[in-house]
Structure formats: C-alpha cells, structure tokens
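Before any comments, here is the structure.
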Protein chains: 2
Amino acid sequence: MAAADLFAAVGYEATSMASVARGAGVTTTTIYWYFEDKETLLVAVLDHLLQETLAGLGDRDDESPVDLLMWVVDRLTEQRRLVSTVHALAGRSPTVAVWHDAFHELTDAMLAEGLRQEGVPEPLVPATTRLGVFAIEGLVMHPLSRAEQRAVLELLSTVR
Amino acid sequence: MAAADLFAAVGYEATSMASVARGAGVTTTTIYWYFEDKETLLVAVLDHLLQETLAGLGDRDDESPVDLLMWVVDRLTEQRRLVSTVHALAGRSPTVAVWHDAFHELTDAMLAEGLRQEGVPEPLVPATTRLGVFAIEGLVMHPLSRAEQRAVLELLSTVR
DNA sequence: ACCTGAACACCGTTCAAGT
DNA sequence: ACCTGAACACCGTTCAAGT
C-alpha cells in the first residue's frame, strides 16, 4: 500500500488523498471505490501494521519481560505519529474508535496474561495491566533515553 | 475568548477560524491581526486553561496525594479532546511542541516535589515521576470507572 | 466491476484597501 | 492601530459518465 508509506513518512493529516492516489498510480476518486473514506483507509493501514508487529512478537517469546516490553515500545515509537493520530481521531471518529477499542482489548489481554505468568497475584492483575499499558504509551509518546526507559519499566516490574 | 468555548464544545480541528470569528463578532481576517495562525490561537487558549487549573490546585494543598491526583485527572479529562490534540500537534507544529515541553517541565517538577514530600527516596524520584505522569495521561485518555482509576493510583503509590 | 473528470462545499491564510 | 472583502491554494468527498 502506498498509503502506509506516506502515513509513515509525513503523517496521516499531511497526507492528502490526492498524494495517496498519485502514489498508487490512480485518480483520487478511485480510492473511494476501495475505501469508504480517509479514516477507513487509515484503519486498513493500522490493521496491516498490527499484523506485522504481532508476527514479529511471535519470534521473541524467549526474551525477558522487560526486554519484550522494550521491543514493543520500540516498534510503537517507530509509528509514534500514527499512535497520536489514532488517539486524536478516536475521540471524533466512530470508525477509528472501534479499531482503537479492539486494539486495546487485544493488547491488554496479552499483557495481563504475561503478568500472570510473571506471578502477579490475580487481584492485582487488572490495575497492573492498566498501569503497564499507560507506561508503554507514555514511553512511546515522550522521548527518553534508553536508560530512562529501562528505569521506568524496571520500576514498573517491582509493583505488586 | 470565544475560541476556548468552541474548542471545548466541538474540538480544535472541528473549529473553523470562521466560526471563531463569528463567535467573537468579527471577520475571519481580524483574528490574524491578534494571532499569527490557528496554532498560536490554540496556545493562547491552553495558557488560559492552565492558569485556571493551577489556581484551582492552590486551593487544595490539604487533600491526600491520591485525592489530589484524582482531582488533576478529572480536570484534564474535562479537556480530553484538547489533550490529545496537543499530543498530535506537538509532533508536527513547533509552536505547540514548545508549549507542550514547557507544560511537562512544569508539571513534572510539581509531581516530583510531591513525591519527595511523600518520602520517595531521591534516586527513585525521576522514574517514579515519569510513571506517575504516564499514569495520569493514561487515565485521562482511557475512560475507566472511578474505582478502577483509584485502583491504578493506589497501585502507583505502592511503588518504591 | 473498476476507474475517471468535473464539480461541491469547505478550509486556513494572505493581501491590498479602508478607517 | 485595527478591521474588512475578495481572493488563493488546498482539502475530502460526490456524482454522473465511461469501459
């Protein structure tokens, strides 16, 4: 998809439907035959990126929990522009809100399962999961050195 | 300011300069005599809201730390739309990025000071501050019940 | 089924002109 | 110093028409 490259390069808002069309070698109107609107196009790109990331995650079941989280933070940081775009759009676009909710349902469940296997007592799992998700999102959105990032994740892993 | 009400009501992106002008009883062009562009107008609104919130915070130095954080989360949640707008714009607008950085410098310092007075050991203060900021932002951006919000903040206050 | 050209309503911003 | 009307370049989207 040409849209994915453009979204990554200049961001969703700065990407015009005209430039997507140009990249795909068609006319602007053609895109509307495949996608209902620009937000639906975004969701298609998001699904594609998510599938890639999940595949990459499958190859690293062996690493330590903190290393695993660091890897996830790195992948999301590469798409930082899209992450904040999704947050902003979810507040006013039902299309994007649906995707965002499904995304969190999936990722929250994955993190919760990981915490259980790390021995976090069951009653603490929900709140710890949320704090973990918030920490990951925070690390993605605010640039810190790797040492600072590690410090936050290590601190998080002492919670219980 | 008419812009503040409109931003709160329908959001920054959905607020046209024409509607701001209408609300202020002037012409669109007039706004550009007072503000360089739409983003500068946003920053003026943000400054205004921040000043209000800081004043309100001064009246509650007595409450417990968790209550204080809950209050901050409530105020930010009221402006949730603007919060995600700022995050999204900070990535592509130097004007908004400057404000965002200054905002975090201020709020991070305030939280760090609070943590010290709660007895958090000095070497843990930076990472704990970051985790606290991330938790607040997460609570603002993801709707949870008050009980769930409290659980996250209580969990956070066990960290050290 | 797939793609286009032309148009629509709107946007932020500018500029020359007025008082 | 303050405000305006008219214009500019652009935007996402639609629609009737073509193959």
Side-chain angles (χ1 to χ4, degrees), chain A residues 1-49 79 81-100, chain B residues 1-49 79 81-100:
Chain A
M1 260 174 208
D5 299 335
L6 280 167
F7 288 170
V10 300
Y12 171 81
E13 296 84 356
T15 300
S16 68
M17 293 298 263
S19 68
V20 173
R22 214 175 305 125
V26 292
T27 290
T28 305
T29 357
T30 302
I31 303 175
Y32 286 88
W33 195 86
Y34 293 96
F35 303 97
E36 204 182 319
D37 50 28
K38 197 184 177 185
E39 290 163 3
T40 308
L41 173 61
L42 171 63
V43 165
V45 169
L46 293 173
D47 274 333
H48 180 245
L49 288 172
Q79 302 292 338
R81 264 219 198 83
L82 279 187
V83 172
S84 66
T85 293
V86 168
H87 276 138
L89 278 181
R92 68 193 135 105
S93 153
T95 308
V96 178
V98 164
W99 187 89
H100 181 247
Chain B
M1 260 173 210
D5 299 335
L6 280 167
F7 287 170
V10 300
Y12 171 81
E13 294 85 356
T15 299
S16 67
M17 294 297 263
S19 68
V20 173
R22 214 176 304 127
V26 291
T27 290
T28 305
T29 356
T30 301
I31 303 174
Y32 286 89
W33 195 88
Y34 294 97
F35 304 97
E36 204 181 319
D37 50 28
K38 197 183 178 186
E39 290 163 3
T40 308
L41 173 61
L42 171 63
V43 165
V45 169
L46 293 173
D47 273 332
H48 179 245
L49 289 171
Q79 302 291 339
R81 265 218 199 83
L82 279 187
V83 172
S84 65
T85 293
V86 167
H87 275 136
L89 279 180
R92 67 193 134 102
S93 152
T95 308
V96 178
V98 164
W99 187 90
H100 181 246

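Chain identifiers are assigned alphabetically (A, B, ...) following the order of the sequence lines, protein sequences preceding nucleic acid strands; residue numbering begins at 1 within each chain.
- Between Thr28(B) and dT4(D), a side-chain N or O to OP1/OP2 separation shorter than 4.0 Å is absent.
- Closest to the side chain of Tyr32(A), out of dT14(D), dT4(D), dG12(C), is dT14(D).
- Residues Met17(A) and Leu41(A) have side chains in contact (heavy-atom distance under 4.5 Å, counting atoms from C-beta outward).
- Without hydrogens or angle criteria, Thr27(B) side chain to Thr30(B) main chain gives no donor-acceptor distance under 3.5 Å.
- Within 4.0 Å of Thr15(B), counting heavy atoms only, lie sugar-phosphate atoms of the nucleic acid but no base atom.
- Put simply, CG on Leu6(B) is 16 Å from C1' on dC11(C), counting in whole angstrom units.
- Nucleotide dT14(C) holds its P atom 18 Å from the OH atom of Tyr34(B), rounded to whole Å.
- Across all strands shown, dT14(C) is found opposite dA6(D) as a Watson-Crick or G-U wobble partner, with both distances under 3.5 Å.
- The interatomic distance linking Lys38(B) (NZ) with dC11(C) (C1') rounds to 8 Å, in whole Å.
- For Asp37(A), taking side-chain heavy atoms from C-beta onward, the closest of the listed nucleotides dT13(D), dT4(C), dT13(C) is dT13(D).
- In this structure, Glu13(B) places its CD atom 19 Å from P of dC10(C), rounding to the nearest Å.
- From Asp47(A), atom CG reaches atom CG of Leu42(A) across 9.5 Å, with rounding to the nearest 0.5 Å.
- The nearest whole Å value for the distance from the CZ atom in Arg22(B) to the P atom in dT4(D) is 14 Å.
- Listed pair Thr29(B) / dT4(D) fails the phosphate criterion, with no side-chain N or O lying under 4.0 Å from OP1 or OP2.
- The interatomic distance linking Ile31(A) (CD1) with dA1(C) (P) rounds to 20 Å, in whole Å.
- Two residues are said to be in side-chain contact when any heavy atoms from C-beta on lie closer than 4.5 Å; Glu13(A) and Arg92(B) meet this criterion.
- With rounding to whole Å, Trp33(A) atom CH2 is found 14 Å from dT19(D) atom C1'.
- Judged purely by atom type and a 3.5 angstrom limit, Ser84(B) uses its side chain to pair as donor or acceptor with the backbone of Arg81(B).
- Ser16(B) comes within 4.0 angstrom of the backbone, heavy atoms only, and of no base.
- Rounded to a whole Å, the CZ atom of Phe35(A) is 18 Å from the C1' atom of dT14(D).
- For Thr30(B), a side-chain nitrogen or oxygen approaches OP1 or OP2 of dT4(D) to under 4.0 Å.
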